Amino acid sequence: MKDTWGEKIFYRFNYVLLALAGLACLLPIVHVASVSLSEPHAVMSGSVALWPVGWSVESYATLIEGTNIVRAFKNNVVITLVGVVLSMIATIMAAYPLSRSYFYWRRRFTLAIVFTMLFGGGLIPTYLIIKSLGLIDSYGALWLPGLVSAFNMLVLKTYFEGLPVEMEEAARMDGCSEWRLIAQIVLPLSMPVLAALTLFYAVGYWNAFMSVLIYINSPEKHNMAVLVQQMVQSQSLLQEINGIQQEDIKQMTPEGVKTAGILVMIVPMMIVYPFLQKYFVKGVMIGAVKG
């Protein structure tokens with residue numbers, strides 16, 4: 001069936017609109033990368049646009065040797081890996097019982113969870129609870145409040161509800177227990193949505209900023225988001241970098257080091273994203289539409 005003229009115009013308009021939106025997202029990243037890889041005089045003169053002028057990796061060398069970016073990167077990895085594992089376990093444990101029709105009061109529990117999406121306790125009550133639990137200045141303060149995302153849990157619950165009931169009944173007739181049913185049938189069939197939710201949690205933990213700024217007092221526990229924010233706001237960044245010689249300061253610019261820090265922070269997620277992007281359609285969209 002051929003497209004009508006109206007449909008062709010509509011599709012082409014969409015292509016143009018999406019291309020412009022993609023460029024609006026991509027060009028700032030390209031510019032930041034170009035500045036971080038350009039020579040200082042080109043950065044200072046403002047001649048760097050979308051391609052490095054006079055290739056130089058001095059900003060990255062200074063960033064790695066003179067700042068705490070390596071330690072902050074390790075903190076980011078720990079926060080993300082542990083947080084994702086805990087959140088995925090908790091989300092699965094919450095979504096599965098709520099997806100079973102024989103679970104008593106599942107509707108009431110679901111409504112209670114939806115209520116938290118509309119109304120929150122606020123920053124100060126949350127801080128007081130975290131403080132009363134003794135989690136200030138520990139990563140537990142980052143993992144516990146966001147352990148289960150209500151939105152992610154509802155998406156996973158909806159996906160579980162869409163799985164064929166016949167498979168569950170056949171497994172039970174063969175003597176399959178509830179835990180074995182989850183591990184060997186439900187979760188393997190839910191890999192697309194699990195991959196998508198894993199990425200959602202990973203991006204959230206990797207880019208955590210306000211929670212680290214509020215709950216973590218020790219600078220050695222800060223992640224890259226806080227470190228980069230401090231670098232961007234610093235008015236005398238080069239003088240604050242450890243071990244840098246005065247003659248070396250003339251060979252670089254604060255903008256070069258700042259952009260290098262920004263790029264180091266966003267590149268890991270940019271690498272992971274394409275590998276999991278294909279699961280969005282199979283996972284999140286299916287889970288949402290069936291709801």
Side-chain angles (χ1 to χ4, degrees), residues 21 25 76 79-133 135-136 138-163 165 182 186-187 189-216 223 225-226 269 272-273 276-291:
C25 297
N76 251 50
I79 293 171
T80 303
L81 288 181
V82 177
V84 168
V85 171
L86 294 177
S87 291
M88 287 304 298
I89 293 174
T91 303
I92 293 170
M93 297 301 291
Y96 180 75
L98 293 177
S99 67
R100 304 297 93 178
S101 59
Y102 50 83
F103 180 65
Y104 193 61
W105 278 12
R106 71 167 190 147
R107 180 176 173 79
R108 298 185 183 184
F109 280 115
T110 303
L111 291 176
I113 293 172
V114 172
F115 181 82
T116 65
M117 299 175 67
L118 305 176
F119 303 96
L123 178 61
I124 294 177
T126 304
Y127 180 85
L128 293 177
I129 292 174
I130 296 297
K131 184 179 180 181
S132 64
L133 294 174
L135 295 176
I136 295 296
S138 74
Y139 290 151
L142 309 180
W143 297 323
L144 187 60
L147 190 61
V148 177
S149 164
F151 174 80
N152 291 347
M153 193 281 295
L154 292 175
V155 169
L156 188 59
K157 166 185 169 293
T158 306
Y159 194 93
F160 285 162
E161 290 174 343
L163 295 177
V165 181
I182 298 174
V186 174
L187 294 184
L189 291 174
S190 307
M191 290 309 293
V193 69
L194 292 178
L197 296 186
T198 298
L199 182 60
F200 287 167
Y201 279 123
V203 172
Y205 282 116
W206 186 266
N207 295 326
F209 173 70
M210 283 303 298
S211 55
V212 177
L213 206 60
I214 293 171
Y215 299 126
I216 304 300
N223 63 352
V226 174
M269 284 296 108
V272 172
Y273 215 84
L276 296 178
Q277 185 272 340
K278 62 181 180 181
Y279 291 113
F280 286 167
V281 176
K282 294 181 180 179
V284 177
M285 292 304 295
I286 292 175
V289 170
K290 286 183 178 178

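Remember, predicted model here, so these are calculated numbers, not experimental data.
- When every heavy atom of Pro192 is checked against every heavy atom of Leu189, the shortest pair comes out as CD-O, 4.2 Å.
- Residues Tyr139 and Tyr215 have side chains not in contact (no heavy-atom distance under 4.5 Å, counting atoms from C-beta outward).
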* To do: Report the C-alpha distance between Leu123 and Met210 in whole Å, list the side-chain angles of each, state the deciding distance to 0.1 Å, and finish with yes or no for side-chain contact (heavy atoms from CB on, under 4.5 Å).
  => CA-CA 11 Å; Leu123 178 61; Met210 283 303 298; 5.8 Å; no
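- Minimum heavy-atom separation, Ala208 to Ala225: O-CB, 3.4 Å.
- Between Ile92 and Leu194, some side-chain heavy-atom pair lies under the 4.5 Å cut-off.
- Listed here is the closest heavy atom pair of Ile79 and Trp143: O-NE1, 3.1 Å.
- Here CG of Leu81 is found 10.0 Å from CG of Asn76. Values are rounded to the nearest 0.5 Å.
- The distance from atom CE of Met153 to atom CG of Leu147, rounded to the nearest 0.5 Å, is 12.0 Å.
- The two residues Glu161 and Arg106 come nearest to each other via the heavy atoms OE2-NH1, 3.1 Å.
- Looking only at side-chain heavy atoms (C-beta outward), Leu163 and Phe160 come within less than 4.5 Å of each other.
- The nearest pair of heavy atoms linking Pro145 to Gly140 is CD-O, 4.0 Å.
- Between Ser138 and Leu135, the closest side-chain pair of non-hydrogen atoms falls below 4.5 Å.
- Residues Leu154 and Phe151 are not in side-chain contact: their nearest non-hydrogen atoms beyond the backbone lie 4.5 Å or more apart.
- Atom CG in Leu144 sits 12.0 Å away from atom OG in Ser211 (nearest 0.5 Å).
- Going from atom OH of Tyr127 over to atom NZ of Lys131 covers 5.5 Å, rounded to the nearest 0.5 Å.
- No more than 12 heavy atoms of other residues, nucleotides or ligands lie within 6.0 Å of CE in Met93, so this atom counts as exposed by the packing criterion.
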* Start with the C-alpha distance between Phe200 and Leu197, add both sets of side-chain angles, then the distance that settles side-chain contact (heavy atoms from CB on, under 4.5 Å), and finish with yes or no. => CA-CA 5 Å; Phe200 287 167; Leu197 296 186; 3.9 Å; yes
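- Environment of CG in Leu111: crowded, with over 12 heavy atoms of neighbouring residues, nucleotides or ligands closer than 6.0 Å.
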* For side-chain contact (heavy atoms from CB on, under 4.5 Å), just list the numbers for Val226 and Ile216, CA-CA rounded to whole Å, side-chain angles, deciding distance to a tenth of an Å, and then say yes or no. => CA-CA 10 Å; Val226 174; Ile216 304 300; over 6 Å; no
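- Side-chain contact check for Ile214 versus Ile130: every heavy-atom pair is 4.5 Å or farther apart.
- Under a 3.5 Å cut-off, the side chain of Ser87 and the backbone N or O of Val84 do not form any donor-acceptor pair.
- A heavy-atom distance below 4.5 Å is not found between the side chains of Tyr201 and Thr80.
- The shortest heavy-atom contact between Leu142 and Tyr205 is O-CE2, 3.9 Å.
- Proximity of Trp206 to Asn223: side-chain heavy atoms (C-beta onward) are nowhere separated by under 4.5 Å.
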